[in-house]
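The structure under discussion appears below in the form of structure tokens.
Naming: A, B, ... by sequence-line order, numbering from 1 per chain.
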Amino acid sequence: MQDVYSTLVSVVRDAFNIDIQPEVSRPDEQFGDYATNVAMQLAGRLRRNQSEVAEVLAGKLKEQLGDTVKSITIAKPGFINITLDDATIYGLAAHASTTKPTGLRGQVIVAEYSDPNPFKVLHVGHLYTSVVGHAIGNLFEAAGGEVHRVNFGGDVGLHVGKTMWAMLDDLGGERPEKLAGIPKEGRAEWMARCYVTGSNIYDDDEHTRDEITALNKRIYELHDNNDHDSPFARLYWTCRQWSYDYFDRFYERIGTPFEKYYPESECAEIGIKTVREQLAKGVYEQSDGAVVFKGEKYGLHTRVFINSQGIPTYEAKDVGLIMRKQQDYHFDRSVVITDNSQEQYMAVVLKSIEQFRPELVKATTHLVHGVVKMKGGTKMSSRKGNILRAVTVLGTAREANKKIGGRDNDEATVLGAVKYAFLKQRMGPDLTYDPDESVSLDGNSGPYLQYAHARARSILSKASAEPATSANSMQPNERSLARKISEYPEVIQQAVNECMPHYVCTYLYELAQAFNRFYEHNRVVGDEREALRVTLITYYAQVLKDGLSLLGIKAPERM
RNA sequence: GCGCCCGUAGCUCAGUGGAUUAGAGUGUCUGGCUUCGAACCAGAAGGUCGCAGGUUCGAAUCCUGCCGGGCGUACCA
């Protein structure tokens with residue numbers, strides 16, 4: 001690609017004295033290995049006929065590329081289609097799994113995603129954001145970045161007050177010793193139930209609402225006073241730890257570990273301090289007793305950073321968070337991944353920070369993904385308790401796997417199915433969770449890819465021929481596979497550039513298809529072309545495994 | 001009201017800062033395992049790319065208007 005691309009640039013410069021960044025694509029196989037529409041772009045500027053320009057460029061390209069190219073043809077309006085020589089394609093395939101982008105080399109990148117709240121339950125949305133965030137982190141690493149995966153969550157705030165209220169009610173008062181009566185495996189469930197109870201009563205009962213508001217304030221005070229000893233504090237800290245333990249176990253299980261949690265409580269102080277400093281400088285303003293940022297002058301909306309009771313809102317804590325990240329990591333780039341409902345909120349927070357720390361905002365990217373919706377349009381609400389839990393999704397996938405008689409490596413297959421179902425969709429628009437489809441083991445699915453890998457490994461384990469390091473000519477099925485393999489580095493580059501893991505999914509599926517088609521019609525072991533085919537399949541299996549690992553999906557030898 | 005996002009086959013989605021004949025999966029129908037793993041492969045059927053204009057040699061893709069849906073819009077996170 002690089003060769004074709006840079007040659008094209010120089011050819012255009014030579015022929016027409018124009019500097020251009022040409023579009024080079026991978027067209028349908030029947031047209032060639034590469035295609036470009038530069039001739040049509042240039043025709044207008046040059047006031048010349050499109051195919052005439054194409055002729056000129058094609059001629060020069062042929063000279064420059066020499067025998068690495070098999071043919072260069074011109075199609076309809078003025079496309080130039082380039083077909084590489086078999087040996088060239090084979091060579092590209094050989095290096096596909098080791099040719100990585102280098103654009104982020106040496107950069108320190110903080111990637112924040114998942115962001116569940118302690119005292120609440122992990123639902124399908126957390127599962128999704130963890131999977132997609134992890135894959136994006138992997139892409140950054142593939143491009144040479146030093147990635148730090150961090151997690152931000154609300155260990156203080158109204159939801160904690162609600163849960164704590166119900167806990168106190170359930171335990172019969174501030175009696176931390178009674179926590180011992182809750183079995184380890186039932187802790188998360190108990191807290192989830194308390195949150196639902198607390199939320200409902202907050203909505204329905206005015207008297208209780210005041211109590212919960214007061215509890216919320218007490219929780220902040222408990223942090224301010226570094227209180228770990230009072231009964232209320234012991235209750236709080238124990239349950240907070242239960243939440244983090246529960247998160248850790250879950251992340252470990254799905255293979256998306258974090259190196260650091262930023263509890264909101266640890267961002268509150270620096271957040272408030274920063275906001276107050278900037279209040280004095282006029283970035284933030286007093287309004288109705290609260291401290292706000294007026295976004296209207298930037299086409300955004302106004303948001304409260306410190307409420308009229310002096311408590312920092314999520315906004316101020318997010319300000320604190322970005323300060324903390326910078327102190328801890330001195331990042332070159334910070335990426336925050338959340339669902340799209342946070343988009344305009346985050347725009348306000350970042351715009352406010354831009355007024356006093358523009359360099360931090362410049363280095364920050366807010367990536368958004370969709371909200372997971374239920375098929376049929378049922379709205380999920382953790383307040384009402386009608387949510388799809390993350391563990392339920394995994395359980396459903398496990399059942400599906402069992403049904404088809406899942407053999408070895410069940411857990412890898414289950415996670416492969418779930419992760420791939422989420423990752424294959426373009427990041428951004430909302431997605432619909434369909435328990436049947438999302439857990440699919442056939443067709444365009446994770447297990448399809450894992451199976452296509454296991455099959456290849458199985459063949460390789462039976463082969464004995466010495467590998468062939470080069471190929472002068474290939475049969476059509478072999479060539480299709482080789483060509484597909486050769487696209488890998490370009491796909492990774494694109495996925496990194498756009499922070500879009502789904503490009504990898506689409507590609508890997510096409511790659512596995514190319515292999516399955518090859519497999520259908522050709523023998524490997526014992527064939528006279530065994531050497532070449534074994535080598536080709538080795539390259540293929542490497543690329544497939546590497547690509548899956550970028551997605552956070554394991555490629556077992558057998559399944 | 002204003003702002004952001006979305007509308008492609010029955011269903012779930014690729015394709016979207018221009019390009020060759022709109023593609024997958026799934027579901028329905030059909031064919032293929034004495035041969036390296038059938039979680040596979042091959043074929044059929046299925047689409048006014050929400051609607052209407054506009055720009056262009058060329059529009060699912062860009063622009064405008066409209067219709068439909070989601071989210072956000074001051075003291076929740």
I'd like a table of donor-acceptor pairs (distance under 3.5 Å, sequence neighbours excluded) in which one partner is a side-chain atom from residues 341-349 of chain A, with atom names and distances.
unit_1, atom_1, unit_2, atom_2, d
A:S341, OG, A:D339, OD1, 2.5
A:Y345, OH, A:Y314, O, 3.4
A:Y345, OH, A:D318, OD2, 2.8

Looking at the rings of A:H369 and A:Y113, which for Trp means the six-membered one, are their centres under 6.0 Å apart?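 So the answer is no for these two rings.
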Check whether the ring centres of A:F119 and A:Y236 lie less than 6.0 Å apart, and answer yes or no.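 Yes - the distance between ring centres of A:F119 and A:Y236 falls below the 6.0 Å cut-off.
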I'd like a list of close polar pairs between nucleotides 5-11 of chain B and the protein, N/O only, cut-off under 3.5 Å.
unit_1, atom_1, unit_2, atom_2, d
B:rC11, O2', A:K375, NZ, 3.4

Please report, rounded to the nearest Å, how far the [atom2] atom of [N] is from the [atom1] atom of [X].
{"X": "A:L46", "N": "B:rC57", "atom1": "CG", "atom2": "P", "result": "16 Å"}
{"X": "A:L423", "N": "B:rC13", "atom1": "CG", "atom2": "P", "result": "15 Å"}
{"X": "A:L449", "N": "B:rA24", "atom1": "CG", "atom2": "C1'", "result": "13 Å"}
{"X": "A:L158", "N": "B:rC76", "atom1": "CG", "atom2": "C1'", "result": "6 Å"}

Taking the side chain as every heavy atom from C-beta outward, state whether A:V504 and A:L139 have any atom pair closer than 4.5 Å.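 Yes, at least one pair of side-chain atoms sits under 4.5 Å.
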Does a side-chain heavy-atom distance below 4.5 Å link A:I74 with A:F79?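 Result no, sub-4.5 Å side-chain heavy-atom pair not found.
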Which is true for [X] with a 4.0 Å heavy-atom rule: it touches a base, it touches only sugar-phosphate, or it touches nothing?
{"X": "A:A347", "answer": "nothing"}
{"X": "A:S461", "answer": "nothing"}
{"X": "A:F152", "answer": "nothing"}
{"X": "A:E264", "answer": "sugar-phosphate"}
{"X": "A:D28", "answer": "nothing"}
{"X": "A:N81", "answer": "base"}
{"X": "A:L431", "answer": "sugar-phosphate"}
{"X": "A:A463", "answer": "nothing"}

Please measure how far the [atom1] atom in [N] lies from the corresponding atom in [M], and state the result in whole Å.
{"N": "B:rU12", "M": "B:rC76", "atom1": "C1'", "value": "33 Å"}
{"N": "B:rG72", "M": "B:rC63", "atom1": "P", "value": "26 Å"}
{"N": "B:rC62", "M": "B:rU16", "atom1": "C1'", "value": "10 Å"}
{"N": "B:rA60", "M": "B:rG17", "atom1": "C1'", "value": "14 Å"}
{"N": "B:rG15", "M": "B:rG27", "atom1": "P", "value": "23 Å"}
{"N": "B:rC71", "M": "B:rC29", "atom1": "C1'", "value": "42 Å"}

Can you identify which nucleotide, out of [options], has its nearest atom closest to the [X] side chain?
{"X": "A:Y451", "options": "B:rA77, B:rC41, B:rG37", "value": "B:rG37"}
{"X": "A:N516", "options": "B:rC41, B:rA77, B:rG37", "value": "B:rC41"}
{"X": "A:Q50", "options": "B:rC75, B:rC57, B:rU12", "value": "B:rC57"}
{"X": "A:D442", "options": "B:rC71, B:rA77, B:rC40", "value": "B:rC40"}
{"X": "A:Q425", "options": "B:rC13, B:rG25, B:rC75", "value": "B:rC13"}
{"X": "A:Y509", "options": "B:rG25, B:rC4, B:rA74", "value": "B:rG25"}

With A:E354 via salt bridge (Lys or Arg N to Asp or Glu O under 4.0 Å) - residues at least two apart: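 With sequence neighbours excluded, A:E354 shows a salt bridge (Lys or Arg N to Asp or Glu O under 4.0 Å) to A:K351, given in chain and number order.
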Can you list the residues that meet the salt bridge (Lys or Arg N to Asp or Glu O under 4.0 Å) rule with A:R533, with sequence neighbours excluded?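 With neighbours one apart ignored, the set is A:E478, A:D527.
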Matching residue for A:T302 among A:K297, A:K294, A:E296 - test: side-chain hydrogen bond (donor to acceptor under 3.5 Å, both in side chains):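 When side-chain hydrogen bond (donor to acceptor under 3.5 Å, both in side chains) is applied between A:T302 and each of A:K297, A:K294, A:E296, only A:E296 qualifies.
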Indicate whether OP1 or OP2 belonging to [N] is found under 4.0 Å from a side-chain N or O atom of [X].
{"X": "A:K162", "N": "B:rC76", "value": "no"}
{"X": "A:R455", "N": "B:rA38", "value": "yes"}
{"X": "A:T432", "N": "B:rC13", "value": "yes"}
{"X": "A:R517", "N": "B:rA42", "value": "yes"}
{"X": "A:Y448", "N": "B:rC41", "value": "yes"}
{"X": "A:R303", "N": "B:rC75", "value": "no"}

Under 3.5 Å, which protein N or O atoms sit close to an N or O of nucleotides 33-35 of chain B? Give each pair with its distance.
unit_1, atom_1, unit_2, atom_2, d
B:rU35, O2', A:R523, NH1, 2.6

So, applying ring-ring contact (aromatic ring centres under 6.0 Å, His included) with A:Y488, which one of A:Y540, A:Y539, A:Y507, A:Y503 is it?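 Per the ring-ring contact (aromatic ring centres under 6.0 Å, His included) rule, the option paired with A:Y488 is A:Y507, out of A:Y540, A:Y539, A:Y507, A:Y503.
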Looking at [X] and [Y], does any basic side-chain N land under 4.0 Å from a carboxylate oxygen?
{"X": "A:E29", "Y": "A:R479", "result": "no"}
{"X": "A:K484", "Y": "A:E487", "result": "yes"}
{"X": "A:E530", "Y": "A:R523", "result": "no"}

Under 4.0 Å from any atom of RNA chain B, heavy atoms only: list the residues of residues 495-502 of chain A that qualify, in numerical order.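 Residues of residues 495-502 of chain A under 4.0 Å from RNA chain B: A:H502.
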Among residues 307-318 of chain A, which residues get a heavy atom nearer than 4.0 Å to RNA chain B?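 Hits under 4.0 Å, by residue number: A:N307, A:S308, A:T313, A:Y314, A:K317.
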Does the base of [N] carry an N or O that pairs as donor and acceptor with the side chain of [X] under 3.5 Å?
{"X": "A:Q30", "N": "B:rU21", "answer": "yes"}
{"X": "A:T506", "N": "B:rA14", "answer": "no"}
{"X": "A:S458", "N": "B:rG37", "answer": "yes"}

Report yes or no: is the cationic atom of A:R209 (NZ for Lys, CZ for Arg) under 6.0 Å from the centre of the six-membered ring of A:Y202, at an angle within 45° of the ring normal?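 Judged by the rule, A:R209 and A:Y202 form a cation-pi pair.
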B:rC40 base stacked by A:Y519 (centroids within less than 5.5 Å, tilt under 30°):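 Not stacked by the 5.5 Å and 30° rule.
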Could you run down the sub-3.5 Å N/O contacts of the protein with nucleotides 28-32 of chain B?
unit_1, atom_1, unit_2, atom_2, d
B:rG32, N2, A:E520, OE2, 3.4

Backbone of A:G154 reached by a side-chain donor or acceptor of A:H159 within 3.5 Å: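 Looks like yes, one N/O pair under 3.5 Å.
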Quick one: side chain to side chain donor-acceptor pair (under 3.5 Å) partners of [X], sequence neighbours excluded?
{"X": "A:T83", "value": "none"}
{"X": "A:N444", "value": "A:Y420"}
{"X": "A:N516", "value": "A:Y448, A:R455"}
{"X": "A:N117", "value": "none"}

